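Each remark here refers to the structure printed beneath this line.
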Protein chains: 2
Amino acid sequence: MTKKKPHHHGNLRAALLEAGLELLHDGGLENLSMRKLASKAGVSHAAPAHHFANQTALHSGLMTEGYKMFTVAMQSEIKLAPNDPREIILAAGRGYLTFTQENEGLFNLMFGGTPRDHDDAELNKASEEAYNVLREICVPIVKGEGGSEANELMIWSLIHGLARLVLHSKRDTINAEKSFETWRLILPPLEFAT
Amino acid sequence: MTKKKPHHHGNLRAALLEAGLELLHDGGLENLSMRKLASKAGVSHAAPAHHFANQTALHSGLMTEGYKMFTVAMQSEIKLAPNDPREIILAAGRGYLTFTQENEGLFNLMFGGTPRDHDDAELNKASEEAYNVLREICVPIVKGEGGSEANELMIWSLIHGLARLVLHSKRDTINAEKSFETWRLILPPLEFAT
DNA sequence: AATAATAACTTGACAGTGTCAATATCAATG
DNA sequence: CATTGATATTGACACTGTCAAGTTATTATT
């Protein structure tokens, strides 16, 4: 039996991801660097290279964590919602908004155009799972000309766009506190199958 | 009469912005740097500092150009549209999508969470003008519970979200070529005042 | 158990980055 | 013509990601 005990403090990879999330949370995307990461985890500046081939790989790893948190945020709001298809969609949106507002830096990393490793299996799995949450809450919507895909895209675009705009104009138009209400207001009428 | 002939090649500031847009167009946000910018404009690495106090100021300048292009892209599509409120909204969206797909790097800079100078008067003016285009095309929509602001936010979120998702999954779900059709499909039914 | 092999980490170097201070040069004004 | 102020250059600094080489710790082999 092979005991995997990498000779640092258990699992450096996890510690690095943790440190990265912390940096993002503190100072946003601009505050994230491999060397700070390493320093925060208490290792030398080149240590991360053994767990993340390059910066893109590290970013992909952090995105993976982001999608997981994302999925959880939506699901836990859905659990609290009354058993009504529209209420469930509204709840998922609240989860989305909560996540983006509590993790602005990570959100920017995930959806700001930062290059990612498209062959990262974990990342692809995590993002797919997040998309599946969305897919499920859209099932009850009656299909129109564009089929269920158009419904999903409509909901996804709407909530993603709102989340971005809320972050984008924290000081202006859209009040972050009232973003839940705004979400309820802009979600168009939907027809559900009975 | 004062001939303003700064002793380089006319107007370095404009040349720097041009070079910046080119860098963004070629290699995306990751390809943009002040030193490349300077080199591309044929000046020393510290020359830009006299026209842009720091990187944020440069970014703000590029964003300003982006919003201007943005406004033009929407307006020129609107001009071609039949005089029907829904068709006009669809046209503006096509302009939005065209801009984002032809200027991915600039779009990422504008909406990827990159810090900006919130006191930059030109930037604020340019972004406001872009928002005004949106506001105008939403005027014919009958106001609901959220007033006209909710209508604007709905359209804005929807098209912005779609644009991001199209860029985000160029290779996957959403076909960039068919993004116009997708936009038509996900725009919900709207009620217009007669 | 001793030794070899492999993985994890460190150290040092390199080119590239934004920014600042000091210097030089040009354009226009007195 | 001399002064002045804006404009650009040069050089330095700390910081970044990445690579090569060396060191240490863990695992595997004989």
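On a predicted model such as this, the values are computed, not experimentally measured, just so you know. Each chain gets a letter, A, B and so on, in the order its sequence line appears, and its residues count up from 1.
- D/dT16 atom C1' lies 13 Å from atom CG of A/Asn31, rounded to whole Å.
- In this structure, a donor-acceptor pair under 3.5 Å is absent between the side chains of A/Tyr67 and A/Glu128.
- Across the protein-nucleic acid pair, A/Glu30 atom CD and D/dC15 atom C1' stand 15 Å apart, rounded to whole Å.
- Rounded to an integer number of Å, the gap from NE2 of B/His51 to C1' of D/dT9 is 13 Å.
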Task: Contact letters for nucleotides 11-18 of chain C, in which S counts primed atoms plus P, OP1 and OP2 and B counts the base, heavy atoms under 4.0 Å - done: BBB---BB
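- Atom pair B/Asn11:CG and C/dA27:P shows a separation of 15 Å (rounding to whole Å applied).
- Using a distance-only test at 3.5 Å, with no hydrogens or angles considered, no donor-acceptor pair links the side chain of B/Asn132 to the main chain of B/Arg135.
- The distance between atom NE2 of A/His50 and atom C1' of D/dC19, rounded to the nearest whole Å, is 11 Å.
- For A/Phe99, the ring-ring contact (aromatic ring centres under 6.0 Å, His included) partners at least two apart in sequence or on another chain are A/Phe70.
- Look at CG on A/Leu58: it is 14 Å from C1' on D/dT16, rounded to the nearest Å.
- For the 3.5 Å distance criterion, the side chains of B/Lys143 and B/Asn151 fail to qualify, holding no donor opposite an acceptor.
- Between the side chains of B/Arg164 and B/Asn108, a donor-acceptor pair is found at a separation under 3.5 Å.
- Between A/Leu37 atom CG and D/dC15 atom P the separation is 17 Å, expressed in whole Å.
- For the 3.5 Å distance criterion, the side chains of A/Thr98 and A/Glu77 fail to qualify, holding no donor opposite an acceptor.
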